[in-house]
Amino acid sequence: MRCYRFDSFGLENLHISNVEPTEPGPGEVAIDVRAFSLNYRDLLVVRGAYNPKLSLPATPVSDGAGVVAAVGEGVTRVRKKDPVMTQFVADWIDGPFEKRFVGSTLGVPGPGLASERVILPERAVVPMPKGYDFEQASTLPIAALTAWSVLVTEGGLEPGGTVLTLGTGGVSIFALQLGKAMGARVIITSSSDEKLQRAKELGADHTINYRENPRWDKTVLELTERRGADIVVETAGIATMTSSMKAAAAGGVVGVLGGVTGLRGEIDIAPLAMKRLRVTGILVDSRAHFEKLTEFLETHPIEPVIDRKFAFEELPEALRHMESGSHFGKIVVEV
Ligand SMILES: NC(=O)c1ccc[n+]([C@@H]2O[C@H](COP(=O)([O-])OP(=O)(O)OC[C@H]3O[C@@H](n4cnc5c(N)ncnc54)[C@H](OP(=O)(O)O)[C@@H]3O)[C@@H](O)[C@H]2O)c1
């Protein structure tokens, strides 16, 4: 079977290897991967920015969908031929997050999905929602579940609530779509008017170009009768953190999940106390919440926005497309 590996950091070192497929052991399943989607994390992993001490060679890519090809002894959750998606934090089944779960994330340190076949513990797969094909389902385990984690698990979004989501990448577009499906008012920012127009077509109530309008936090207050957003999906990192807190409503939730603009620097904590904000760290979500999300999608179908599909052989090109930042929504690789 073919599988991507990198022996040293850098996109230029990512290559396809032919390796002997292995059989699933007790409690494990073999998945024939049909599609995987890219997340910003995958770029960081391959570049060496995610974990410079990562032991190499490694196989990247953190989420995907496929068919159960074989099951090991004692497996009860799935059967051969079932269409399934991967659970990114493989050991986080339910309940509160525990530090040890970090060691079970897929696409390092756990197995990567940039492979024709992957062996996973049976606990790390979730049945695909009805009505979704493999390409669409491959976008759900990280981007959609992360948006769900901020909006529902942490944010407790109610119909009529206001969501502010930053940028038009994978997570943010799912936050827009899920927010609208739950009856929220959604404000979205982008560097591009063309992308904002597409966001409007997906139902965004208000759009702000953060490049032309660096005080977008003030605009959010103006758009919300000076109340601010109940939930902020903070995808962008240190450069936007202070403005995100300024744009939040009193008692609002700021879900901090991304670092596209960097992780370290100065922030102004005044709004945090003065508005009694709940600034909460997000690491995708548990399998139990992934199952709730898939249930929701079966009754409120959302068509994932796939910016572009690439062939398996084109993974480096697909990652470069992500690096360019020109995409809107998700980038998918067909296997
Ligand atoms: N902690 C978690 O559980 C978790 C899960 C998923 C992702 N993440 C992280 O969340 C971030 C987003 O992930 P993704 O997969 O959605 O990435 P992505 O698809 O690459 O999207 C990144 C987007 O960030 C936007 N952006 C860049 N600078 C910005 C700024 N100054 N203000 C507002 N938006 C800005 C851009 O939007 P425009 O092109 O519209 O300007 C870009 O499209 C990444 O840092 C990723 O590592 C974390």
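Atoms within a ligand are numbered from 1 in the order they appear, just like the ligands themselves.
- Among protein heavy atoms, the minimum distance from atom 42 (C) of ligand 1 is reached at G169 N, 4.4 Å.
- Within a 6.0 Å sphere centred on CD of E303, other residues, nucleotides and ligands contribute 12 heavy atoms or fewer.
- The contact set between ligand 1 and T261, taken as ligand atoms under 4.0 Å from a residue heavy atom, comprises 28 (N), 31 (N).
- From the protein, the heavy atom lying nearest to atom 16 (O) of ligand 1 is V171 N, 2.9 Å.
- Across T189, I188, I142, L257, heavy-atom proximity to atom 8 (N) of ligand 1 is greatest for L257.
- Ionic pairing of E225 and R227 is not present here: no N-O contact between side-chain nitrogen and carboxylate oxygen is shorter than 4.0 angstrom.
- Counting only N and O atoms by type, the side chains of D285 and T153 include a donor and acceptor under 3.5 Å apart.
- With a heavy-atom cut-off of 4.0 Å, A236 touches ligand 1 through its side chain alone.
- In this structure, the protein non-hydrogen atom closest to atom 25 (C) of ligand 1 is G167 CA, 3.9 Å.
- Partners of E291 by salt bridge (Lys or Arg N to Asp or Glu O under 4.0 Å), not counting sequence neighbours, listed by chain and number: R77, R287.
- Remark: E313 pairs with R2 by the salt bridge (Lys or Arg N to Asp or Glu O under 4.0 Å) rule, at least two apart or across chains.
- Closest heavy-atom approach to atom 12 (C) of ligand 1 within the set L38, T235, T168: this belongs to T235.
- Under a 4.0 angstrom heavy-atom cut-off, G259 registers as being in contact with ligand 1.
- In plain terms, the two heavy atoms of F290 and P141 that are nearest each other are CZ-CA, 3.5 Å.
- Here K330 does not pair with D307 in a salt bridge; the nearest charged N to carboxylate O distance is not below 4.0 Å.
- Under the 4.0 angstrom criterion for non-hydrogen atoms, S192 is not in contact with ligand 1.
- When hydrogens are left out, the protein atom nearest atom 15 (O) of ligand 1 is Y40 N, 3.5 Å; that is the closest non-hydrogen contact.
- The number of heavy atoms from other shown groups lying within 6.0 Å of CD1 (I93) is above 12.
- Shortest contact from atom 5 (C) of ligand 1 to any protein heavy atom: T146 OG1, 3.2 Å.
- Interface of G325 with ligand 1, defined as ligand atoms under 4.0 Å from a residue heavy atom, comprises 39 (O).
- Residue S190 approaches ligand 1 through these ligand atoms, each under 4.0 Å from one of its heavy atoms: 38 (P), 40 (O), 41 (O).
- Of the N and O atoms on the side chains of S326 and S324, at least one donor lies less than 3.5 Å from an acceptor on the other residue.
- Protein heavy atom nearest atom 3 (O) of ligand 1, with residue, atom name and distance: V284 N, 2.7 Å.
- In the vicinity of G170, heavy-atom distances shorter than 4.0 Å reach the ligand 1 atoms 16 (O), 19 (O).
- Among all non-hydrogen protein atoms, the one lying nearest atom 33 (C) of ligand 1 is Y210 CE2, 3.4 Å.
- Residue contact check: M322 has heavy atoms under 4.0 Å from atoms 19 (O), 20 (O) of ligand 1.
- Between D7 and R5, none of the side-chain N atoms (NZ, or NE/NH1/NH2) sits under 4.0 Å from a carboxylate O, so this pair counts as no salt bridge.
- Salt-bridge formation is not detected for the pair D205/R185: no Lys NZ or Arg NE/NH1/NH2 atom is positioned less than 4.0 Å from an Asp or Glu carboxylate oxygen.
- At the top of the distance list for atom 22 (C) of ligand 1, counting protein heavy atoms only, stands V260 CG2, 4.0 Å.
- Looking at I282 next to ligand 1, an N or O pair under 3.5 Å apart turns up.
- For the pair K330 and ligand 1, no heavy-atom separation below 4.0 Å is found.
- Y4 has its ring centre less than 6.0 Å from the ring centre of F312.
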